[in-house]
Amino acid sequence: MNAVKRDIVPLLLIPALAVAALPLVSSPSSWVTLTVAGLAMGLMIFVMASGLTLTFGLMDVLNFGHGAFIAVGAFVAASVMLALGPWMAANSFWLNMAAVGPAVLAAVMVSGALGFVFERVIVRPVYGQHLKQILVTTGGLIVAEQLLKVVWGPDQITLSRPTARRGAFVVGSALAGLGGAMWGLYQETVTAAIGAKVAVLVFIVIIIGGLGSIGGCFIGALLVGLTANYIGFLAPKVALGSNILLMALILLWRPQGLYPVAKR
Amino acid sequence: MLRALLSDDLPRSRWLAVALVVILLGLAVAPFLFPGAKSLNVAAKICIFIVLAASFDLLLGYTGIVSFAHTMFFGIGAYGIAIALTRIGPSWISIGVGLIGGLALAIVLAALIGLFSLRVRTIFFAMITLAVASAFAIMASQLSDLTGGEDGLNYRLPAMLRASFSLIDGTLFGVRLNGRILDYYLVYLVALVLVLALLRVVNSPFGSVLKAIRENPFRAEAIGYRTVVYRSIASCIAAAAAALAGALLALWSSQTNPDTTLSFDIMIDILLMVVIGGMGTIYGAVIGAVLLVFAQNYLQELLAIANKALEGMPLAANLFHPDRWLLWLGVAFILCVYFFPTGIVGRLRGQR
């Protein structure tokens, strides 16, 4: 474990990437903008991905329905913020925060509760069987998306799942909800597909970081956020492909991800 | 003869045998038994999805790996034909070019993904395929010069496969033998051959190694089989079969777009088909594909009836809304994974 902690090479990738992008992005001011936006996006992805990697690291469960929790968080937060519409529209930072705070809290609580149910009903019977976990959590995603449409109309719903040694799953799901709430604010729209869209980025991030590693997940999220912004600026058409390329390069270098977690 | 055709893998259940014969004959006479554009379309979709689900079963059921990129290969096959027909023109040569191009791309991609990620664990492969497939879907809709973007491509089929073409003058059993019927039988025969070929693959010595890897990869490796090589080859074969299924779809529908070939919804459909029908049997994929395509086309009408009956209770009525058919199949899917891991075919064989 100590050896892993002293391994700072992956950490250096982040400044290296930022410096490498500087000559490509001609003007320094847009470079600063892109870097800040990339870091912000990376931090948000980290919040969502950390929940998934947490459940995996502690419980050895990978939830393919994680996107559902993200979507539930986004929907709940959006509903609360719509209900507090006047506060959101008010020209006061504190009133705005007074609306965002409860929205985020509600998102976290609802997706955490959903995570609890998900663990009970869906995940508990299949601990230790990866193939069945993938199938069953994917099934959970299907059902959850449909149920979201039942509750919120023909929009998508997300599922949350409870974690580990029971608490971890709840925390992981709550983090998904939190990430979803913030992503909704960031993108300014909440659609049914939000979970699935973000889930791909989340998966890339936790593969890059090494399954189950929070630190690796953090670095992976920042790398993905920065790459997405730089490439989005330089060559918009290949933006998503660039993340796959990043993943492939890192896996060539470290096949288990940046910080491989001890094998089970 | 029959034994050789089925590669010595008989249905081993009377009811399963009956069901398979009904499907085989039903699809063979569908154009005459159920004339009309919609039912012919349903029959062709069934043929295509049987191939797609059976090739996925080679991965999921026989090799024990979950790939979320199967629709990507399906899409590559479809777009190969579509792009060739759009660019070169409606001829058999362009179909050949598109077919070879699509197959080659699918096999190369499958080999790359396999060698990259199959060394590690099931979950890793599942996640990487998911990421690659969604990136591919987004790329396909962005490269609109080549793929037509979100709208996809509309193109003309060779003259022989168009509705305006007549095979013989007059009618046979009251049905005019036009190009569509010819097209349908092309799809039917190719699908039949592909399913028999997949049966051959899974019952070959190669298939036995795959099953050994599924049951215990460490032991298989210890006996001397390079698991990553075998898994990668299986994934290439499955990708090639999926690309062929995609090519059939492109040849049938004369339009190809991301929704019908690359979307995650199709991936979900294939998963449902294989798991509900029965993993690791090929026959299960056949049964599952028939059930699911029927459900897509006709379950909605049943749900509409339930929806009407529950009109007074808003939430309950919403649960039975015709658009929520996937909800019920999703529940069936989860129950299947828990309680009937061998699916319908496994149940039928158990009752023998």
Side-chain angles (χ1 to χ4, degrees), chain A residues 52 56 60-62 64 67 121-122 125-126 129-151 153-154 193 196-197 199-208 211 236-245 247-248 251-252 255-257 260 263-264, chain B residues 60 64-66 68 112-113 116-117 119-139 142-144 214 264-265 267-269 271-272 274-275 279 314-321 323-339 341:
Chain A
L52 193 58
F56 186 81
D60 198 25
V61 170
L62 192 72
F64 275 79
V121 179
I122 306 268
V126 291
Q129 307 167 49
H130 280 160
L131 185 75
K132 282 197 170 180
Q133 275 172 16
I134 298 173
L135 294 179
V136 147
T137 54
T138 307
L141 176 69
I142 302 171
V143 172
E145 278 187 356
Q146 296 294 320
L147 284 177
L148 270 171
K149 290 182 188 174
V150 170
V151 177
K197 234 192 222 164
V200 173
L201 283 179
V202 166
F203 277 139
I204 293 177
V205 162
I206 69 175
I207 293 170
I208 290 179
L211 290 177
K237 287 215 164 186
V238 293
L240 213 119
S242 69
N243 285 326
I244 302 284
L245 191 68
M247 180 175 80
L251 290 182
L252 272 178
Q256 306 263 2
K263 266 206 160 173
R264 290 162 187 279
Chain B
L60 181 63
I65 51 184
V66 185
F68 285 102
L112 276 181
I113 299 176
F116 238 99
S117 47
R119 277 178 300 170
V120 229
R121 307 192 298 177
T122 325
I123 274 190
F124 217 66
F125 185 70
M127 290 165 62
I128 289 188
T129 51
L130 183 65
V132 172
S134 29
F136 190 86
I138 292 174
M139 258 169 58
Q142 300 228 318
L143 297 174
S144 43
R214 173 190 70 190
F264 192 63
D265 296 349
M267 196 58 242
I268 299 270
D269 290 347
L271 254 184
L272 291 171
V274 173
V275 170
M279 288 184 272
L315 199 63
N318 268 351
L319 278 175
F320 290 96
H321 190 276
D323 287 347
R324 295 290 86 77
W325 61 277
L326 197 56
L327 171 68
W328 298 103
L329 286 179
V331 172
F333 173 86
I334 294 176
L335 294 178
C336 259
V337 175
Y338 285 143
F339 301 111

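Chain identifiers are assigned alphabetically (A, B, ...) following the order of the sequence lines, protein sequences preceding nucleic acid strands; residue numbering begins at 1 within each chain.
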Do you know which of L135(A), T138(A), I206(A), L251(A) has the most heavy-atom pairs with chain B at a distance under 4.5 angstrom? L135(A)

Over all heavy atoms of both residues, which pair between G330(B) and V143(A) is shortest? Give the atoms and the distance, please. C-CG2, 3.5 Å

Nearest heavy-atom neighbours spanning I334(B) and G139(A): CD1-C, 3.6 Å

Check whether I128(B) gets within reach of chain A through its side chain, its backbone, both or neither, counting any heavy atom under 4.5 Å. both

What closest approach, in Å, do A126(B) and I134(A) show between heavy atoms, and which atom pair accounts for it? CB-CD1, 3.8 Å

Shortest non-hydrogen contact from Y338(B) toward V121(A): OH-O, 3.5 Å

Against chain A, label M279(B) side chain, backbone, both or neither, depending on which of its atoms sit under 4.5 Å from a heavy atom there. side chain

What's the spacing between I244(A) CD1 and S134(B) OG if we round to 0.5 Å? 6.5 Å

Under 4.5 Å from any heavy atom of chain A - which part of V337(B): both

